[in-house]
Amino acid sequence: MAMRMWASSAANALRISCASNTAFALPKCFSTVIDGLKYAPSHEWVKHEGSVATIGITDHAQDHLGELVFVELPESGTAVSKGNSFGAVESVKATSDVNSPISGEVVEVNSKLSDAPGLINTSPYEEGWMIKIKPSNPAELDALMASKEYTKFCEEEDAAH
């Protein structure tokens, strides 16, 4: 009971709202979703600024994967296509392909991830970005989810499992 009261106090202090009808259960809503980013159903995020789009995996995805131990990324100049794999992440639990939410050409790769793949766990939206691309069809961004849609998508997906 003390743990539930602490979690409730912490959630109030952080202005987090979650409902849980199960006694002694901590709600699963502590994944971070950033306003202003776009999200794919395969749990990648996109930050579009000017002529470049930065792509990584979401906090929700890294949380489900667990501690990342290896990241495979493409080289600069590689073409990526919406919905197709551009790399992979390996965790202590599983290996997963990472799909591009939009099409374009890779203009930069986060080389820090080869030595420190855990940056994706500790900072998925900042230090843990994966690639930057020059979008070939910026209209593809319109098909991606905004933060509220993605949050609802994750809640429904988690409830189904």
Side-chain angles (χ1 to χ4, degrees), residues 2-11 13-20 22 24-49 52-76 78 80-102 106-133 144-161:
M3 181 63 129
R4 185 177 174 103
M5 287 174 45
W6 173 85
S8 177
S9 296
L14 295 171
R15 293 177 171 37
I16 297 172
S17 172
C18 288
S20 176
T22 309
F24 306 110
L26 292 175
K28 295 185 96 181
C29 71
F30 290 100
S31 292
T32 302
V33 177
I34 307 287
D35 285 334
L37 301 182
K38 294 291 204 159
Y39 299 89
S42 51
H43 302 288
E44 292 85 17
W45 58 266
V46 179
K47 181 178 184 180
H48 188 227
E49 296 177 303
V52 175
T54 304
I55 298 172
I57 65 170
T58 65
D59 189 37
H60 183 82
Q62 73 75 26
D63 183 54
H64 281 275
L65 286 166
E67 180 186 351
L68 292 175
V69 295
F70 180 75
V71 178
E72 179 185 331
L73 296 173
E75 294 181 15
S76 289
T78 302
V80 295
S81 300
K82 179 182 177 177
N84 291 331
S85 173
F86 69 78
V89 290
E90 183 179 333
S91 74
V92 294
K93 294 181 182 179
T95 299
S96 295
D97 286 336
V98 182
N99 298 320
S100 185
I102 58 174
V106 178
V107 295
E108 188 177 347
V109 174
N110 188 348
S111 58
K112 292 179 186 177
L113 297 179
S114 58
D115 291 328
L119 288 172
I120 293 172
N121 296 111
T122 58
S123 183
Y125 301 110
E126 293 176 17
E127 295 294 316
W129 63 272
M130 300 179 83
I131 62 172
K132 293 185 180 188
I133 70 169
L144 299 175
M145 293 178 270
S147 59
K148 287 184 181 182
E149 294 169 297
Y150 180 69
T151 298
K152 183 178 179 184
F153 174 82
C154 290
E155 289 170 352
E156 290 171 353
E157 187 179 66
D158 285 348
H161 290 105

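The chain is numbered in sequence order, starting from 1. Note that the coordinates shown come from a computational prediction; the quantities given were computed from them, not determined experimentally.
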Quickly, which of N110, D59, V71 forms a side chain to side chain contact (heavy atoms under 4.5 Å, CB included) with I120? Name it, please.
V71
Kindly indicate whether the side chain of [X], heavy atoms from C-beta on, has any atom under 4.5 Å from the side chain of [Y].
X	Y	answer
S100	E44	no
I34	Y39	yes
W129	L113	no
V89	M130	yes
T58	V33	no
I55	V98	no
E127	K112	yes

Quick check against the 3.5 Å criterion: does [X] have a side-chain atom that pairs as donor or acceptor with the backbone of [Y]?
X	Y	result
Y125	T32	yes
S123	L119	no
W45	I57	yes

What is the minimum heavy-atom distance between P101 and V46, and which atoms define it?
CG-CG2, 3.3 Å
Inspect the surroundings of CD in E67 and state if more than 12 heavy atoms from other residues, nucleotides or ligands are less than 6.0 Å away.
no
Please check if atom NZ in K47 has more than 12 non-hydrogen atoms from other residues, nucleotides or ligands closer than 6.0 Å.
no
Hey, are E157 and H64 close enough side-chain-wise for a donor-acceptor pair under 3.5 Å?
no
Fit a plane to each ring of F153 and H43, take the angle between them on a 0 to 90° scale, and name the class: parallel (under 30°), tilted (30 to 60°) or perpendicular (over 60°).
tilted
